[in-house]
Amino acid sequence: MNVNISYQALAPIIILLTSGVLSVLIEALVPRTFRRPIQLVLVLSSIVLAFAYLVFNSTIALTSDPAFSGGQIKGLREIAAAGAIAIDGPGMVIQGIILLISFSAALLLAERQIDPQGDAFTARASTLPGSEDERQFTANGWLQTEIWPLFLFCVGGMLLFPVSNDFLIMFVALEVFSLPLYLLASMARRRRLLSQEAALKYFILGSFSSAFFLFGAALIYAATSSVNFSVVSVAMENSSQDGLIISGIAMIAVGLLFKVGAVPFHQWVPDVYQGSPTPLVAFMSAATKVAAFGALLRVFYVAFGSMRWDWRPMMWVIAGLTMIIGSLLAVTQTDMKRMLAFSSVAHTGFLLLGVVASSAAGLSSSLFYLLAYAFTSLGTFAIVGLVRDASGEATHLSQWAGLGKKSPWIASIFALFLLALAGIPLTSGFTGKFAIFTAAVEGGATPLVIIAVLASAVAAFFYARVIVLMFFTEPPTDGPAVVIPSGLTTVAIGISAAFTLLLGIAPQPVLELVINVGLFIR
Amino acid sequence: MLLTIMLLIPLVGSIAVFLLPASKPALAKQVALGFALITLVVSSVVVVGLDNSTGLLQYVESYEWIAAFGISWTLGVNGISALLIVMTAILVPIAMIAGWWDAENATRGTAKGYFSLILILESCIIGAFAANDLFLFFVFFEAMLFPIYFLIGKFGGPQRAYAAMKFLLYSLVGGLFMLAAMIGLYVVSARELGTGTFDVVTLTSLNIDPGTQKMLFLGFFFAFAVKAPLVPFHTWLPDAAAEATPGTSTLLVGVLDKVGTFGMLHFLLPIFPEASKFYAPVIIVLAVISIFYGALVAIGQTDVMRLIAFTSISHFGFIVLGIFAFTSQGLSGASFYMVNHGFSTGALFLVLGYLVSRRGSKRIADFGGVQKVAPLMAGMFLLSGLSSLALPGMSSFVSEFLVLAGTFAVNQPAAIFATLGIVLAAVYILWMYQRMMTGVPSQEVTETVTEINRRELSAVAPLLVLLIALGFFPQIALDSLNPAVQQIQEYIGFSDPQAPVVIEGSGE
């Protein structure tokens, strides 16, 4: 049998995973003092290379897609790796977003000027919190460079996840990017017990949801005799095994909705966001959401596209609940990271509107929203990591009082991100919300959009509250200060702020891009 | 290009002022005032060059912005919006002169910050009045919240944080409803035209089915009613106006709130004619309630700034009443009212601001006998007050009369009830004057209240001159307003009821 692998289409994924392997070898063979610079060069160059390849892939071929009314569209579209992976316009956009985010996140992860003791990760994860060993390693000023191979595998898995074209590859990708995240989440330098608890919670609930996903895939296979999306889609239409199909769809939905943090599978989000090292949260909140939504969109648009009328009611309920509960619970939070976590849940609800719409506009607006949200979220958490007092990050809301007076620049940029999260015009968040709400109304989900608008109103309250706190409240006498970071974090924050503004003021080129990439390939 | 330039001048000015060193507050103020005056000149050029023979948009300019959503940078003015822009351009430098030392007196914030925020605000307001792309309007509508939010929150009184937050949340919630309705309208336009659009002129030509119109109307109306403010969406205004500096209150109540009533006139009526007619009776009732409620609560106030805020709620009732009467007199009266109210409320806020800053108290009971100590100040106050209660000879009389006459033609009970509001206006203004200005001055008043100085006088006098001039020659303004009003009537398909013609001799 002649298997068509199509290495060119897969190049970005291959580059990342190969660098992951190389990175492991570096950990094993290179002396400690040289590891960090070499790892950094490897990570950043592999991401840049993968992105360059992606751009190259998106320009070479000119194919016509009958499903797309515009006729001809640019960019590679093929089913690669013997039908297991589908490289197409939306998939490449999502991969592109993940790579851009990963690059900025890598800069944040590499930052070591914020904490006087080193970077955000513990000197050695195997030591007991509070033990003599830990003190020793910290005093030596050692840095944990094992985070880099984990990071590379994670990004590689994320690149594979949204372009998987069958349930098994998708499951493999899910595990490839989840397992490193569980580990990384446990490795905070400060408040290690909290971090380990968060990681354990994340791991247990994550494995549970992965199991659901796998079980769902098995049920779908039982009903349709295939795990391939396009085969499944056709087989479902003609199948009489409704029970198996519906429960299969439901279980796969559980697995994916867990990853995006939708209600009622959202409980892990605040705990993990609060406990994990903040640069990692910046990465996770942005990239995981993008990758998981990419996969969710592909599964529901391609594999379950023919069963739209069966799953849409379920998605309606979940989207509505996610928006309402996310926004309401965010109001009650007193910890910055938890508040942002619930805000991330609420945004998941808004993004689900794009799934509910199940149309070309739904897809393109989701892609735009993902890009907009990812950068805003990354920037937000990057700044959260800068506000510190002697014991580490100062995440209690009251500690942020009067920050606008002490550090007007950082407070202003943070306010910009909050306004974008709230969806105020001239920020990326507004354009994204507008696009996705429009798609949902066109898709007949007007009641959901009204709920979304009400949820946005509630959300505006807690974002505005932080701005008031920063600018109009007197700073506490022993309050935290903004640490001046090195160029790495500054660049990452700068990129995020630039995207947040640019996508708000001049979104046309990006909107054109996401509209012109067409639909998922079948 | 002229409109874009007019909008950019204050924006450029605000950036310039912001970039000046904080150590030179005087220079920052002078530069800011300079930019405001240039804007005034440009806006006067626009009004003078206006063609009064047509109600269609003039100075139209349109550039593509976000083509994917049919959004463009479309500006254009008619008589109504042009006059409102001039009113804005007049009130901004006046608020600056009157509030020359406001920033120094505030507990926080710098003078350059204060003046650069005012300029940003001016730019947003001009943009909102000139925008003829609904999306662009919405952007300005939302963007203007932030400068005013900081103007209240940074430079206001002791309760400023609360007032600023309340203002922001009310406005944001209103804006979100408008956003929802806007998305609905966009989808409707996409269904009718093939591609969606936000161009206002195109939207007015759509035939939206009445059921959909009624839904979408509510979203927009809610946003405008919060902004205007109409009872029962008004509770943010007294807090905001009482806590802000007098200059900010002038701009907030005198100018920014007009965007709400202007939105009703310029967008609601033309785009949703059926729904406007359907809801008109209810809105007229709300307007009459506003007139009464605002006036009655104003009478009961002990804080002068809150008192003025409540009188404004009453006045906005008149404006909304005129708009939803649909008659040419009602509509042009309401449009003229918007301009006059800006000037007369502005004058009141400013004069009271002078008094409050001298006396250090906003309580009416802390004053008394001011006319003995500062007769000129009391005179200015009396003139502004008389304009507020619509004394014949002042321009507000003309507009109030037009509104009532226009309403009487279609809804006599509403007009009769509203007329009673005039009596209440006399009560709140004259009683306030009596309590604050007449009588024997207390020791505190004699010690603290000094005569109005030349800077303060130069801010208030132009307003009073305008009010009296427009009172005697209202035709100058009405000539510009009337063609635009006729155009609106054409959009809603409403013609004035004819007085029954009595043929001579037919009575035998």
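Within every chain, numbering begins at 1; the chains are lettered A, B, ... in the order of the sequence lines, protein sequences first and strands thereafter. Because only heavy atoms are used, hydrogens play no part in the values below, and waters and symmetry mates are left out as well, while side chains stay in.
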Practice problem: Return the option, out of Ala164(B), Ala67(B), Ala161(B), with the maximum number of heavy-atom pairs under 4.5 Å with chain A. | Solution: Ala67(B)
Quiz item: Tell me, side chain or backbone of Ile450(A) under 4.5 Å from chain B's heavy atoms, or both, or neither?
Solution: neither
Quiz prompt | Contact winner vs chain B - Phe461(A), Phe437(A), Phe434(A), heavy-atom pairs under 4.5 Å | solution = Phe434(A)
Quiz item: Who pairs with Phe342(A) by ring pair (Phe, Tyr, Trp, His ring centres under 6.0 Å), at least two apart in sequence or on another chain?
Solution: none
Quiz item: Excluding sequence neighbours, so at least two apart, what forms side-chain hydrogen bond (donor to acceptor under 3.5 Å, both in side chains) with Asp257(B)?
Solution: none
Practice problem: For Phe368(A), check ring pair (Phe, Tyr, Trp, His ring centres under 6.0 Å) against everything at least two apart and list the hits. | Solution: none
Exercise. Can you tell which part of Phe430(A) gets under 4.5 Å to a heavy atom of chain B, answering side chain, backbone, both or neither?
Key: side chain
Put together the list of donor-acceptor pairs under 3.5 Å connecting chain B with chain A, please.
from	atom 1	to	atom 2	distance (Å)
Trp65(B)	NE1	Ile505(A)	O	2.7
Ala67(B)	N	Gln508(A)	OE1	2.8
Ala68(B)	N	Gln508(A)	OE1	2.9
Arg108(B)	NH1	Glu474(A)	OE2	2.7
Arg108(B)	NH2	Phe471(A)	O	2.8

Exercise. Counting only heavy atoms closer than 4.5 Å, note whether Ala422(A) contacts chain B via side chain, backbone, both or neither.
Key: neither
Practice problem: Measure distances from Leu169(B) to the heavy atoms of chain A and classify the residue's part below 4.5 Å as side chain, backbone, both or neither. | Solution: side chain
Practice problem: Let me know if Phe177(B) has heavy atoms under 4.5 Å from chain A in its side chain, its backbone, both or neither. | Solution: both
Practice problem: Measure distances from Leu172(B) to the heavy atoms of chain A and classify the residue's part below 4.5 Å as side chain, backbone, both or neither. | Solution: side chain
Quiz item: So with a 6.0 Å cut-off around CZ of Phe146(B), is the heavy-atom count from everything else above 12?
Solution: yes
